[in-house]
Amino acid sequence: MNDHLDPLENAAMTSRTVSDAMRGSESDQSCRGILQELDRRGQLLVISEEVDPIHDVSAILSIVDEKAAVRLDRIKGHDMPIFGNILSDLDRVALALDVAKSDIQQKLLSSIASPVPPVFVDDAPVQQQLFQDDILTRLPVPTFFSKETGPYITAGLIVARDPETGLGNASYARIKVLGPNEAMIGIAPNHHLAIMARKAGAKGEPLPFAVVLGAHPAIQLAACFYLGLGDDEMHCAGSLLGEPVRLVRCKSIDLAVPAEAEIVLEGHIHIDEPILEGLVSEYHGMYEDYGSGVRVRFECMTCRSDAMLQVIEPGYHMEHLYLGAVPIAASLKAVIRRSVLNVGEVAVTASGSGRNNVVVQIDAPRPGQARRIMSICWGAVSIVKNITIVDSDVDPWDLGAVELAKMTRMRAERDILIVTDLPADRSEPQEDGGVIAKVGYDATMKAGDRKEGFDKALPPLESYERMRQLLLRVKPEMLI
């Protein structure tokens, strides 16, 4: 008998045992299934040599980036493995959602339109172990970048509840480790978590919250939706999973968390205790100095008996970008199509750091619709800066095709809209006093612009088909 199992094999056995005993044939709601599948496909890089959590973990994740997911089995000074880069390209996002890449956005939109409420379980893998002291020292939290002043938990899905309405909320925030049980959380003032923390602070109370690490990627994506305050992302996650999210009640606070995650930290946000943060990396790949975050204190940690720490490489790295870009694009389409029924695919591009640059496809646009869509996007998400509107024959995720449309279908004096002094997110690198100029490009075809029309110059379809058949005979790999 082999006493030393591969962490994924051991994890799978634990997960199957719990699942078989508790829930019959219900599906896995952890990250372990996708890690196993990526390993099977040769898309998981496993490092068995010792790696230092100070900068070296970050360097490996940065070098590999979108090429593969990574699992680091030996972290200096710790027994717990680290994994990351699981959603660093769109193919892996599609795998996590169990759809074709072309169907990612529709899957996300359907989850917003048809949410599935969670269910509660009494026993959960994430509560196999309980720790009430030296909580953060048990985790191999990496220090990522040279000018940052400490280690950061970057994959923490935050669960909280509005202290007035009682409605739940899931989101992301960075957490800088300060001591064994204390940390700083960085939250933008307009984010729902900050609003809830201020409500609790106004009552003279800290806000209970939980930090979830290693839940199923579909749950992680749902937490990145731009929904209204009070709309519960866990309901959207259930729709993405095709079954209710299984939740378990926390041990020390009145919240519930995904039962099959790796780790949960339970604590309180003290909005009245500011902590100076120092320089921190942002999605655009540069540093920002936001001044102060706020103190958090953790009362306990629960985790699997063989827990792994999930990390997301921050800054301008693909998992960080796509975790924002894919849900933001779906959220924007959900808002746009309330007013513009002929809207097509919406893309939030990597070139815009997965946040700032939006491309919207529209079918047979009517006069004024392009500018209407620009206004809707700017009003819906303050972080959006540049917007390009294209016709339905242009793939909005294909930046080459988008640029070609701008060069051939747009007249600058007529089709470029610059609006000054619009609200900017605090992460915007060029904001001044909370505002920034924003640009819209109408790259759609307009009747009468070209006497030759806009038909593409291509061989006839029957010639294409004959040559496809020829290539199938002599060089089939050319058709892949």
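Not measured: the values here are computed from a predicted model.
- For S281 and E148, the side-chain atoms include at least one donor-acceptor pair closer than 3.5 Å.
- Side-chain contact of N342 with Q369: a donor-acceptor pair under 3.5 Å is present, judged by distance alone.
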Full working for side chain to side chain contact (heavy atoms under 4.5 Å, CB included) between V343 and V360: CA-CA 7 Å; V343 64; V360 180; 3.7 Å; yes
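- In this structure, H317 and F145 have parallel ring planes: the angle between them is below the 30° cut-off, well short of the 60° mark.
- The side-chain contact (heavy atoms from CB on, under 4.5 Å) with Y464 is formed by just one residue from the set R468, E462, M467; it is R468.
- The one candidate from K385, H320, E428 that meets the side-chain contact (heavy atoms from CB on, under 4.5 Å) condition with R355 is H320.
- Inspection of the R372 and S375 side chains reveals no N or O donor paired with an N or O acceptor under 3.5 Å.
- Looking at S427 and E288, their side chains never bring a donor and an acceptor atom within 3.5 Å of each other.
- Each of D415, D442, D391 was compared with R409 under the side chain to side chain donor-acceptor pair (under 3.5 Å) criterion, and only D391 meets it.
- Contact check on R304 versus E260 returns no salt bridge, with no Lys/Arg side-chain nitrogen under 4.0 Å from an Asp/Glu carboxylate oxygen.
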Residues Q220, Q310; criterion side chain to side chain donor-acceptor pair (under 3.5 Å); working and verdict: CA-CA 12 Å; Q220 297 181 42; Q310 183 183 6; 3.1 Å; yes
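- A side-chain donor from one of Q29 and E243 sits under 3.5 Å from a side-chain acceptor of the other.
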Working for side chain to side chain contact (heavy atoms under 4.5 Å, CB included), residues I269 and L193: CA-CA 10 Å; I269 298 174; L193 185 63; 4.0 Å; yes
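- Between R92 and D89 a salt bridge is recorded (basic side-chain N to carboxylate O distance below 4.0 Å).
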Side chain to side chain contact (heavy atoms under 4.5 Å, CB included) assessment of Y283 paired with N356: CA-CA 10 Å; Y283 61 85; N356 300 141; 3.2 Å; yes
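- For the residue pair N357 / T349, a side-chain donor-acceptor distance below 3.5 Å is found, with atom types taken as modelled.
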